[in-house]
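All remarks here apply to the structure that follows.
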Amino acid sequence: MPYNAGLTFMNERLANHPKMDIPKTYDPKQAEEHHYARWEGQGFFAPEINRDPDAPVFSIVIPPPNVTGSLHMGHALQHTMMDVLTRYKRMCGFRTLWLPGMDHAGISTQLVVTRELKKEGIARHDLGRGKFVERVWKWKQESGGQITTQMRREGASVDWSREKFTMDEDLSRVVREVFVRLYDEGLIYRGNRIVNWCPNDQTVLSDLEVEKLPQAGKLYYLRYPVKDSDQLVTVATTRPETMLGDTAVAVNPNDERYTRLVGATILLPLTGREIPVVADEFVDPEFGTGAVKITPAHDPNDYELGLRHDLAQVVVIDQRAKMTQAAGADFVGLDRYKARQKVVEKFEELGLLEKVVDYEFSISKCERCKSVIEPLVSTQWFCRMENLRDLALDLLAREKKPRFVPEVPYEKIYRNWLENLRDWTISRQLWWGHQIPAWYTAEGELVVARNFEEAAARAGTDKLTQDPDVLDTWFSSALWPFSTLGWPENTDDLRTFYPTSVLVTARDIIFLWVSRMVMMGLKFTGERPFDDVFVTGTILDKDGQRMSKTKMNGVDPLDVFDKYGVDATRLTLAAVGTTDIRWNEKQVESYRNFANKIWNAARFCLLNSEGAAVDPQILKATGSDLALHDRWILSRLNKTTLEVRKALAEYDFHQAVQTLYHFFWDDFCDWYIELIKQDVTAEAATPRRTEARTRLLSVLEQALRLLHPFMPYITEDLWQRLPGKQDERMHSAYRGASPTIMLAAFPESVVALVDERAEWEMQAVIDLVSRVRNIRSEMNIKPGDRITVLVGAPDDRLRQVLTASIDQLMRLTRAASVNIQSELSAPRASARAVLAGGAEVAVPLEGLIDFDQERQRLRREQEKLQAEAAKLNAQLGNPQFVERAPHERVDEVRVRIADIEQRTAQLNQTLENLK
RNA sequence: AGGCACGUACGUCAAUGGUAGACGGCUUCCCUUACAAGGAAGAGGUUGGGGGUUCGAGUCCCUCCGUGCCUACCA
């Protein structure tokens, strides 16, 4: 990779031209245009950019989005968090890999292409399997994966050179390898079972792919005659049409109403079949009539019960949800709902319909196409889970891995699910996907092998037919963390990046995906696939509803990017953290304003940068010869760095964003720039001016680095414009790479530069300025009016601090003079305020002051203090508080009360003087 | 049906059991030479209701109300 090729790009155009024309408003589009292509082209995203052989490793595999999908808010949210972590770790010198890729998404993709064919008037089956699959690949080539373009827009720093697709040949080989190994161990088997069948998609679905929805329906009470008697037994059902396949009636063995009936024979109406009455604990005597019709071929519970009682399975509904021959001549070929109607009519004619009542129950629907699932008995492939499950449970019990963030409630949810795990239906009747590596001989003998040749060798014949089924899409997803890194070969990538560091995901796929990755990872690599699982919150619409395609209530992240910029959107998303939030565009707007603030702060620094350059070394110097605001900003910078690092270590994105926002806006812009302005904007090019400029630029440069993981575009754009030697700002692991803030060292927090004294002193200055501004505002003094500020500060240290900042105080309060004494002496016609530490401030307002107004203002102040004092005194008045609370807390309260008392006394005095 | 979250300012959200905050919105003043996407100042809360534990509860426990999610074989 030619590391220097891109050097000229930004450098020539931008750097060292501080007087160039910088627009007053930040234009995100301008910044978003260039940088990504350069980052990608220069290989900055690839771990190879890191030249330090001993660098620690950080890796993430992306939850592969569906190849059919386009970017939605959920992606944008997860990608932002993954990118923040990746960029942060990269700047910390980690060998960093964020591996991108896509999922072949069996059902979705097959549906998309089938629909496309339909428009051309072609049916899937007319085309045939081979041609169809070809067509899917063509579709993928042409219109699949638009999400990868969108991810580039997001600024996602994924290593595109390692991009994977679950249907790639190497990943498909891994799928077959795993399948064969599991089969050989007896963990995969073929069996005849009742499964969830989607009559529309014509495939089986796992339990996790069906959704249960409440449905307003009817409960039909049907009368069945008992053979050799005139008795009738009434059963209740929501699906009358299935009675055609009934092979028993069941009652609870303890239900005295039916004791005599057990063992009797029922004459099943409409069919003339004879079926037994059996006793089974499963039956709830309280529900319905206490007698249940049993249809083993079309209901999961009945299926189980049928096995227990050795009942026949009569299949009356086929894979298209139409009635079969076995349903009888009157019904064959009818749709299941038509058949239902007809059964009910016939029962009514026979006088066997007791009643129909309204009833709400839950119905299973296909998650993809929303068709009502038909439980059918069919031959499928299953994966036995006990063994795999125990691997995952052991890891959790023994090592508490993976570590869920937030731990509550996800660890428990994960464990409970594993504990109740059932076998996984892994076959699907689709054409698009990994075809099951199983072949049948002409005699019907089954051979499982890695490929046709191996199968032929094992079977001793090449007259083989491959099983037509494909594997559940989640089967290949479960292998993702190691299949993408080269397993089963012991590749460099596998050794280096596996186990991965963290998985960032939404909560709805903890079962579908997270748990299965853990099980498969442990089974085949012997190691966990990732250390941590960070579960993000969900973005809801403004009414608290989930965003979904069908509801049309989704907000398109790309629209938000267009309107407010990528960086502002990322900041909004990062601040979401782990809680569900309602989408609020105003939030993005405020971060857009923040981006503009950054832009303008940098603009100010650059417009006043002549003769100066960024010099990180200048920020290491400490000592009492530094001005207060310089010591203070260093302290704030280092504290901020510490907090941001701590927050990111705990995945507390929300905290990190808040900290950065307030540091940059409040500390850096509102105070530091204002305090250093005089020195920086001085006319004469003195060493003092140069130093101030250097210091200002250097603080800004550090701030940009801190912000970069969250706001990659604006920070890169501005960083490139800062004067000075860029190579020196790069992390040592990336020496030689073309300069970029992406590879600059993330600031270290230097404890020695956290200066509590400076923070205390600065706070005194800020307090004083705020009090005077308050007076100006409340007394309606025009901004242009020059005032006199009189300060009485009995505390020596405070007086020294304020005296040293006297020029600053004048500018910030727009005062003609600031006079600081140990005792306040001010004319009667003054507005006054009291400060912490017994200091007072007065602004003489001869002729301007309204004494009534001033008295009111002071009284309001007093009331506030008294309310607080009352609370604190009550606390202190409680002997048990003094006795039991920690001493420090009691002392704190005492100090606070003393301070309030002093201020109250001063206010009283002031009020007295006003009379 | 069970289980689990959540309920804080007008809105969206923060707050290791220790003086309830931020941003937006709102009010007043200001186009002060980085930024009106800005600056300064301000108003606004018995933290859904009720009980309990504690010196002290938004935070822990119970209960009720409201909202959301997950799991489940009640025909």
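In what follows, chains are A, B, ... by sequence order, proteins preceding strands, each numbered from 1.
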is_close_aromatic([X], [Y]), centroid dist under 6.0 Å:
X: Y220(A); Y: F347(A); answer: no
X: F668(A); Y: F664(A); answer: yes
X: F404(A); Y: Y414(A); answer: yes

Span that lies between the [atom1] atom of [M] and that of [N], in whole angstrom:
N: C26(B); M: A34(B); atom1: P; answer: 27 Å
N: C64(B); M: C69(B); atom1: P; answer: 22 Å
N: A20(B); M: U67(B); atom1: C1'; answer: 24 Å
N: G58(B); M: G7(B); atom1: C1'; answer: 11 Å
N: U54(B); M: C61(B); atom1: P; answer: 16 Å
N: G52(B); M: G11(B); atom1: C1'; answer: 34 Å
N: G66(B); M: A14(B); atom1: P; answer: 24 Å
N: C30(B); M: C23(B); atom1: C1'; answer: 22 Å

Just jot down the salt bridge (Lys or Arg N to Asp or Glu O under 4.0 Å) partners of [X], sequence neighbours excluded, or say none.
X: R336(A); result: E374(A)
X: E674(A); result: K677(A)
X: R695(A); result: D630(A), E691(A)
X: E304(A); result: none

Do K24(A) and C35(B) have a side chain to base donor-acceptor pair shorter than 3.5 Å? no
Heavy-atom donor-acceptor pair, E674(A) side-chain to A34(B) base, under 3.5 Å: yes
Side-chain ion pair, [X] and [Y], N-O less than 4.0 Å:
X: D255(A); Y: R257(A); value: yes
X: D580(A); Y: R507(A); value: yes
X: R859(A); Y: E863(A); value: no
X: D280(A); Y: R308(A); value: yes
X: K412(A); Y: E419(A); value: no

Under 4.0 angstrom, heavy atoms only, what part of the nucleic acid is [X] near: base, sugar-phosphate, or nothing?
X: R773(A); value: sugar-phosphate
X: C605(A); value: nothing
X: E888(A); value: nothing

Dot-bracket notation for RNA chain B is requested: 5' to 3', Watson-Crick or G-U wobble pairs only, both distances under 3.5 Å, with ( ), [ ], | and . as defined. (((((((..((((....[..)))).(((((.......))))).....(((((..]....))))))))))))....
Can you measure [X] atom [atom1] to [N] atom [atom2] for me and round it to whole angstrom units?
X: N420(A); N: C70(B); atom1: CG; atom2: P; value: 17 Å
X: M547(A); N: G68(B); atom1: CE; atom2: P; value: 16 Å
X: H662(A); N: C23(B); atom1: NE2; atom2: C1'; value: 7 Å
X: R771(A); N: A41(B); atom1: CZ; atom2: P; value: 11 Å
X: I510(A); N: C70(B); atom1: CD1; atom2: C1'; value: 10 Å
X: E778(A); N: A43(B); atom1: CD; atom2: C1'; value: 11 Å
X: L660(A); N: C23(B); atom1: CG; atom2: P; value: 15 Å
X: D652(A); N: C13(B); atom1: CG; atom2: C1'; value: 13 Å

Show the distances under 3.5 angstrom between N or O atoms of the protein and N or O atoms of nucleotides 17-19 of chain B.
residue : atom : partner : partner atom : Å
G18(B)  : O2'  : R889(A) : NE           : 3.3
G18(B)  : O2'  : R889(A) : NH1          : 2.2
G18(B)  : O2'  : R889(A) : NH2          : 2.7
G18(B)  : N9   : R889(A) : NE           : 3.4
U19(B)  : O2   : E868(A) : OE2          : 2.6
U19(B)  : N3   : R896(A) : NE           : 3.3

Output yes when a side-chain donor or acceptor of R592(A) lies under 3.5 Å from a complementary backbone atom of A568(A), and no otherwise. no
Is there a donor-acceptor pair under 3.5 Å between the side chain of R776(A) and the backbone N or O of D785(A)? yes
Close N or O pairs between protein and nucleotides 72-75 of chain B (under 3.5 Å):
residue : atom : partner : partner atom : Å
C73(B)  : OP1  : R422(A) : NH2          : 3.0
C73(B)  : O4'  : N301(A) : OD1          : 2.8
C73(B)  : O2'  : N301(A) : OD1          : 3.3
C73(B)  : O2'  : N301(A) : ND2          : 2.3
C73(B)  : N1   : N301(A) : OD1          : 3.4
C74(B)  : O2   : D284(A) : OD2          : 3.1
C74(B)  : N3   : D284(A) : OD2          : 3.0
A75(B)  : OP2  : Y359(A) : OH           : 2.4
A75(B)  : O2'  : A236(A) : O            : 3.1
A75(B)  : N6   : D284(A) : O            : 2.7
A75(B)  : N6   : F287(A) : O            : 3.0
A75(B)  : N1   : D284(A) : N            : 3.3

Under-3.5 Å N/O pairs linking protein and nucleotides 3-9 of chain B:
none

With sugar-phosphate taken as primed atoms, P, OP1 and OP2 and all else as base, the protein-contact string of nucleotides 27-33 of chain B at under 4.0 Å (heavy atoms; B, S, -) is ---S---
Please round to the nearest 0.5 Å and tell me the distance separating atom CG of L244(A) and atom CZ of R340(A). 12.0 Å
What pairs with W424(A) under ring pair (Phe, Tyr, Trp, His ring centres under 6.0 Å), at least two apart in sequence or on another chain? F475(A)
Are side-chain N/O atoms of E354(A) and T234(A) paired as donor and acceptor at under 3.5 Å? yes
Modelled atom types, side-chain donor and acceptor of T640(A) and E643(A), under 3.5 Å: no
Counting only heavy atoms and a strict 4.0 angstrom limit, can you tell me which residues of residues 573-591 of chain A come near RNA chain B? T579(A), D580(A), I581(A), R582(A), N584(A), K586(A), Q587(A), S590(A)
Side-chain N or O of N593(A) closer than 4.0 Å to phosphate OP1/OP2 of G38(B): yes
Tell me, which pairs form a salt bridge (Lys or Arg N to Asp or Glu O under 4.0 Å) where one or both residues lie in residues 288-299 of chain A, sequence neighbours left out? D246(A)-K293(A)
Quick check on RNA chain B: between D670(A) and G544(A), whose nearest nucleotide comes earlier from the 5' end? D670(A)
Among R894(A), R889(A), R896(A), the one residue meeting salt bridge (Lys or Arg N to Asp or Glu O under 4.0 Å) with E892(A): R889(A)
